[in-house]
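All chains are named by letter (A, B, ...) in the order of the sequence lines, taking the proteins before the strands, and each is independently numbered beginning at 1.
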Amino acid sequence: MSKLQPARGTRDIYGEEARNMRAVVDAFQRVASSYGFEELATPIFEFTEVYKRPLGETSDIVSKEMYSFESSAREAGDKEPEELTLRPEFTAGICRAFISNGMQQNLPCRFMSWGPAFRRERPQKGRYRQFHQINAELLGQDNPEADVDIIAMAWRLLNELGLGDKIVLHLNSLGDQESRAAYRADLVAYLSSHKDRLSEDSLRRLETNPLRILDSKDEGDREIVAGAPPMSASMNEASKQFFDTVKAGLDAIGIPYVHDEKLVRGMDYYCHTAFEFITSELGAQGTVLAGGRYDGLIEQLGGPPTPGVGWAGGIERLAMLSAAGHVPARPVMLMPMGEAATRKAFELAEELRSAGANVISDRSGNLKKRLNRANRAGARFAVIVGDNELESGLAAVKDLDAGTQSDVAFPDLAETVCNMGGDAR
RNA sequence: GCGGGUGUAGCUCAGUAGGUUAGAGCGCCAGCUUGUGGUGCUGGAUGUCGCCGGUUCGAAUCCGGUCACUCGCCCCA
């Protein structure tokens with residue numbers, strides 16, 4: 001085994017996995033377009049501040065998972081080195097782009113993005129240090145109907161990927177800032193009174209992210225949590241109404257969900273609606289797509305107060321579940337024998353491609369080898385052009401499935417092959 | 001970051017109580033077939049047994065460390 005390995009938590013993506021991931025992105029672009037979303041591609045790294053502020057200094061992501069570095073000032077010709085970070089998620093960068101480009105002139109904005117993100121976590125199946133996400137954000141809509149839209153879009157995508165019966169939508173409301181703060185205080189008060197029985201992890205979370213304790217896996221924690229005040233109890237009227245409207249909208253479309261009072265979001269900037277599409281087929285990495293509302297984020301980044309809802313989906317996880325990749329159309333293998341034929345073959349190959357066929361030119365080895373390679377490449381036809389064919393003006397077209405062979409005049413080649421199913425699977 | 005499992009050929013995996021040249025299937029290469037493939041037959045190549053160190057006359061095998069993957073926790077998509 002070679003000593004050359006990719007860095008921990010990274011890997012090379014090719015073959016079936018690459019096709020499956022491509023299928024996820026393709027479906028996403030199609031579905032998101034049908035909801036009026038347009039592409040926004042932000043840089044893969046940003047000033048560290050862009051992530052540090054919204055995610056919160058104490059969050060796990062900022063405190064230990066970000067790939068941050070200082071640019072070399074001298075080499076780049078900058079006066080000062082820059083503090084930069086590989087994006088650990090999409091939302092913050094998109095909000096930054098929204099502010100940078102003065103997009104508040106043009107609300108609402110619907111953005112779709114996709115690509116790699118980086119977090120220095122311990123790798124597991126479906127959890128990598130360089131992973132890939134699809135991401136959708138709807139900015140400038142503070143109404144609950146927008147939440148319904150964005151969840152409906154996710155639901156449509158998941159169904160298009162054939163995952164409708166493999167995933168369950170978990171839904172919750174964190175309430176507005178006031179409700180969320182009130183609940184947090186209630187919860188901390190309750191949990192603090194049981195401090196002696198909380199797990200070590202949860203004692204830490206009590207300081208950093210108390211809401212997280214609600215979905216602790218620890219048995220002892222669960223017993224305590226079972227007696228905790230429910231989130232809905234500290235919710236004000238407006239927040240309740242907001243959530244009711246979201247649920248009514250989902251009901252109207254017929255999207256099934258479970259109200260999961262223990263569902264919270266890791267990032268500080270979430271409010272109101274929080275949701276996760278969860279599968280039981282990926283072990284601890286069961287969350288396949290998740291998101292929620294983040295009304296305070298853009299303002300926090302220094303932009304005009306602008307509400308937002310969005311979600312991110314894990315491309316690897318979705319690809320593992322759906323395995324919907326399509327294999328490309330079977331190619332035509334073009335086999336020129338000899339120098340003169342090789343020159344002629346350039347022309348023929350381009351004609352075939354213009355007619356819509358996938359063409360691979362195989363110029364080396366004897367015919368036997370080439371036919372062998374054609375089989376392995378999954379080719380439907382072999383087109384053999386040698387001195388005999390040049391002289392007669394007829395190419396030898398071999399149907400590799402049927403084992404039959406016929407002669408076709410050069411000018412008719414493209415049409416004939418396509419009619420015979422040259423691009424059929 | 002914490003705990004468990006795994007690591008032998010390109011792939012999937014055997015490997016007897018530590019003992020000579022480490023195996024199988026698939027795949028790969030060649031020949032049977034000098035311009036005709038898939039099937040068949042015949043032959044062939046391939047590994048620093050993840051890496052480093054230790055014990056031993058002798059280590060794929062035992063011990064320690066390390067790296068990677070994997071399962072759970074943490075975290076999250």
For [X] and [N], what is the distance between atoms [atom1] and [atom2] respectively, to the nearest whole Å?
X         : N       : atom1 : atom2 : value
Arg129(A) : rA77(B) : CZ    : C1'   : 17 Å
Glu121(A) : rC75(B) : CD    : P     : 11 Å
Ile134(A) : rA77(B) : CD1   : C1'   : 9 Å
Tyr51(A)  : rC76(B) : OH    : C1'   : 16 Å
Glu89(A)  : rC75(B) : CD    : P     : 17 Å
Lys217(A) : rC75(B) : NZ    : P     : 8 Å
Tyr128(A) : rA68(B) : OH    : P     : 15 Å
Glu65(A)  : rG1(B)  : CD    : P     : 11 Å

Please determine whether any donor N or O and acceptor N or O are separated by less than 3.5 Å between the side chain of Arg120(A) and the base of rC75(B).
no
Please state the [atom1] separation for the pair [N] and [M] - nearest whole angstrom.
N       : M       : atom1 : value
rG19(B) : rA59(B) : P     : 11 Å
rG50(B) : rG3(B)  : P     : 24 Å
rA9(B)  : rG1(B)  : P     : 28 Å
rC62(B) : rU16(B) : P     : 9 Å
rC52(B) : rC67(B) : C1'   : 10 Å
rU36(B) : rU12(B) : P     : 37 Å

Just to be sure I understand the geometry, which residues of residues 363-376 of chain A put a non-hydrogen atom under 4.0 Å away from RNA chain B?
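By residue number: Asn366(A), Leu367(A), Lys368(A), Lys369(A), Leu371(A), Asn372(A), Asn375(A), Arg376(A).
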With heavy atoms under 4.0 Å as the rule, sort [X] into base, sugar-phosphate or nothing.
X         : result
Ile384(A) : base
Leu289(A) : sugar-phosphate
Asp362(A) : nothing
Asp401(A) : base
Glu200(A) : nothing

Which residue pairs pass the ring-ring contact (aromatic ring centres under 6.0 Å, His included) test with at least one member in residues 179-199 of chain A, sequence neighbours excluded?
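Of all non-adjacent pairs touching residues 179-199 of chain A, those that pass ring-ring contact (aromatic ring centres under 6.0 Å, His included) are Tyr190(A)-His194(A).
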If you count every heavy atom of other residues, nucleotides or ligands that lies below 6.0 Å from Phe69(A) atom CZ, does the total exceed 12?
yes
Does CZ belonging to Arg156(A) count more than 12 external heavy atoms closer than 6.0 Å?
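Open.
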May I ask you to evaluate whether [X] reaches the phosphate of [N], defined as a side-chain N or O under 4.0 Å from OP1 or OP2?
X         : N       : answer
Lys125(A) : rC69(B) : no
Gln124(A) : rG72(B) : yes
Arg212(A) : rC76(B) : yes
Arg8(A)   : rA68(B) : yes

For Phe243(A), give me all partners under ring-ring contact (aromatic ring centres under 6.0 Å, His included), at least two apart in sequence or on another chain.
His259(A)
I'd like to check the ring-ring contact (aromatic ring centres under 6.0 Å, His included) partners of Phe28(A); sequence neighbours left out, ordered by chain and number.
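Listed in chain order: Trp311(A).
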Let me know, please, whether Gly403(A) or Ala312(A) comes out on the 5' side of the other along RNA chain B by nearest nucleotide.
Gly403(A)
What is the distance from atom CD of Glu137(A) to atom CG of Leu40(A), rounded to the nearest 0.5 Å?
9.5 Å
Within the side chain of Arg87(A), is there an N or O that forms a donor-acceptor pair under 3.5 Å with the backbone of Pro116(A)?
yes
Pairs under 3.5 angstrom only: tabulate donor-acceptor contacts from the side chains of residues 158-166 of chain A to other protein residues two or more places apart or in another chain.
unit_1, atom_1, unit_2, atom_2, d
Asn159(A), ND2, Trp155(A), O, 2.8
Glu160(A), OE2, Arg30(A), NE, 3.2
Glu160(A), OE2, Arg30(A), NH2, 2.8
Lys166(A), NZ, Leu321(A), O, 3.0

Tabulate below the donor-acceptor pairs under 3.5 Å that side-chain atoms of residues 345-353 of chain A make, not counting sequence neighbours, or state none.
unit_1, atom_1, unit_2, atom_2, d
Glu347(A), OE2, Lys344(A), NZ, 3.3
Glu350(A), OE2, Arg353(A), NH1, 3.1
Arg353(A), NH2, Val359(A), O, 2.9

